[in-house]
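Chain identifiers are assigned alphabetically (A, B, ...) following the order of the sequence lines, protein sequences preceding nucleic acid strands; residue numbering begins at 1 within each chain. Just the heavy atoms: all of them, side chains too, but no hydrogens, waters or symmetry mates, feed the values below.
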Amino acid sequence: MQRSAQASAVSKSAGEPEAASDPNRQRRRERLLQIGTLVLLLAVWEFAARDANKLLVAVPSDIAVATWELLLNGELLSATLDSMSTFVLGFVIASIIGIVVGFAMGTNRTVEVILDPYINALYAMPLVALIPILMLWVGIGFLAKITIIILFAVFPVIINTVTGVKNVDRHYLDIGKAFMASRFMVYRQIIAPYALPYVASGLRIALGRGIIAMIVAEFLTSISGLGGLIINYTNAFETAKAFAPVLVVALLANALTVLVQKVEERFGRWRRR
Amino acid sequence: MPKLSVRNLTKRFPVSGGPSMTALDGVDLDVEEGEFIAFVGPSGCGKTTLLRIIQGLETATSGEIRIDGKPVTGPGHDRGFVFQQYGLLPWLTAAQNIGFALEAKGIPAARHGETTERVLATVGLKGFGDRFPHQLSGGMQQRVGIARALAIEPEIMLLDEPFGALDALTREILQNEMLGLTERMGKTILFVTHSVDEAVCLADRVVVMSPRPGRIREIVPIDIPRPRASLGEALRDTPEYVAKRHQLWTQLMDLV
Ligand SMILES: Nc1ncnc2c1ncn2[C@@H]1O[C@H](COP(=O)(O)OP(=O)(O)O)[C@@H](O)[C@H]1O
Ligand SMILES: [Mg+2]
């Protein structure tokens, strides 16, 4: 008797749908709230700007139509590919340089002492100021854009990698020492995994700065890619069309951030959830 | 010739803006092959420091360590260390942690699997090789640490309070396993503990240390015949156990 009561209590609590879906329902309510606010915002924008000068202000419906047009004629896609290929190459090079230099600085005091002041100074300064001079040296083409992206993206990677490498817990280094691991083993199996979360957050910062660099480079050097579209359509007072590439940049930046997070999670499986 | 001999070992740590701190002062000890030595003493008396110097993780200020008569200058595969805490690399599975030590010793990867399985089975963790440390209990993590030290087949095992952070029950279970393990293998073992009970159960001789500066106060032989593992709980009722436990307890009380 007592036993069956117990069993039913267990099965009830295990299969109780109300309790289990509660956080889900909560999340759905919150999502709905966000979507509702967005719709409201767009509606207010649409109606408030209805009577404004079309040359200066675009309303959401016009932007949607313009985006559709640019998608159909392929302009948006080719600009996105143009921007992204440059960005990805620049970001990858910046990541590799950042990790290698950061590792060298973090493990070798001499290298750190020599490079540290420059890296901190360059990280802190508004690098945009360097762009005109840079254009004198590397022109306004592909090379200029890559250089600008690397310049913007590389320092957070270096700084975070150095921090991670230097912070390695002494207990873990002792394991390597006690079992006589080679220097390479210590780098690969102790220092690198320990520094990984630091590197990943450096990469996230670098991503944001790299995208800014890409757009700025497209504004200032050869007008091309998504930044070029923004400039050209703004200059032509086709404001609605200028919004389409802005939208794409926003989406890309967010998607890439999520991608970096996923990669980080994949490599951080060993951490306590 | 003793397996291990420690001669007049002194270790001073520099202290910023003050006189240096003497962690060990003139420590002398001979350990015979196959002997199990336990170190007890109040915290700060230099037990960890002594073990770390013997392992080569730390260098002595003066004095000498010899193994089989040859001076020790650094870490070696002839010694296997078990850490008190943070002894496993959290991003490697249990098997990979053991593989790390095997790779460091230069054992080809093809032979890692077999050795890893054997040592995991020895410490009662058959089938747990692909768990990450955070998926194992504290006691299981320490077993992995012991398995890793066993894997490199050292001549001397050094264990620094390996069960210190565990709950009483787990601790007692591991003590009994340790007893069986060491009596089967007959390795030379240096074992730091803060438990008098653990020391008397396991050791052939208990080294009592005193702090400030760290010195050997007394060396107490434990004449409970081996194998003790088969005695089970009866071990703790033998007159020798009761007497030695009392003697050590009194001595330690005088020190703190
Ligand atoms: N790296 C270090 N730097 C400075 N002092 C240390 C260091 N390691 C240990 N000590 C000091 O040496 C003494 C002995 O420490 P330890 O060997 O850890 O003692 P035990 O393991 O017996 O508790 C302590 O007073 C401790 O503070
Ligand atoms: Mg200690």
- Task: Check each atom of Gln85(B) against the heavy atoms of chain A and say whether the ones under 4.5 Å are side chain, backbone, both or neither.
- Result: backbone

- Message: More than 12 heavy atoms of other residues, nucleotides or ligands under 6.0 Å from CZ of Arg205(B): yes or no?
- Response: yes

- Note on the structure: Honestly, the part of Arg52(B) sitting under 4.5 Å from a heavy atom of chain A is side chain

- So, are Lys105(B) and Glu153(B) salt-bridged, with charged N and O less than 4.0 Å apart? no

- Query: Between Gln261(A) and Glu265(A), does any side-chain donor sit less than 3.5 Å from a side-chain acceptor?
  - Reply: no

- Query: At a heavy-atom separation under 4.5 Å, does Phe81(B) approach chain A through its side chain, its backbone, both, or neither?
  - Reply: both

- In this structure, which one of Glu198(B), Glu161(B), Gln175(B) forms a side-chain hydrogen bond (donor to acceptor under 3.5 Å, both in side chains) with Thr193(B)? Glu198(B)

- Task: Could you look at Ile190(A) and say if it's the side chain, the backbone, both or neither that has a heavy atom under 4.5 Å from chain B?
- Result: both

- Message: More than 12 heavy atoms of other residues, nucleotides or ligands under 6.0 Å from OH of Tyr187(A): yes or no?
- Response: yes

- Item | Toward chain A, the part of Leu88(B) with a non-hydrogen atom under 4.5 Å | backbone

- Message: Can you tell me which portion of Leu89(B) sits under 4.5 Å from chain A's heavy atoms? Options are side chain, backbone, both or neither.
- Response: both

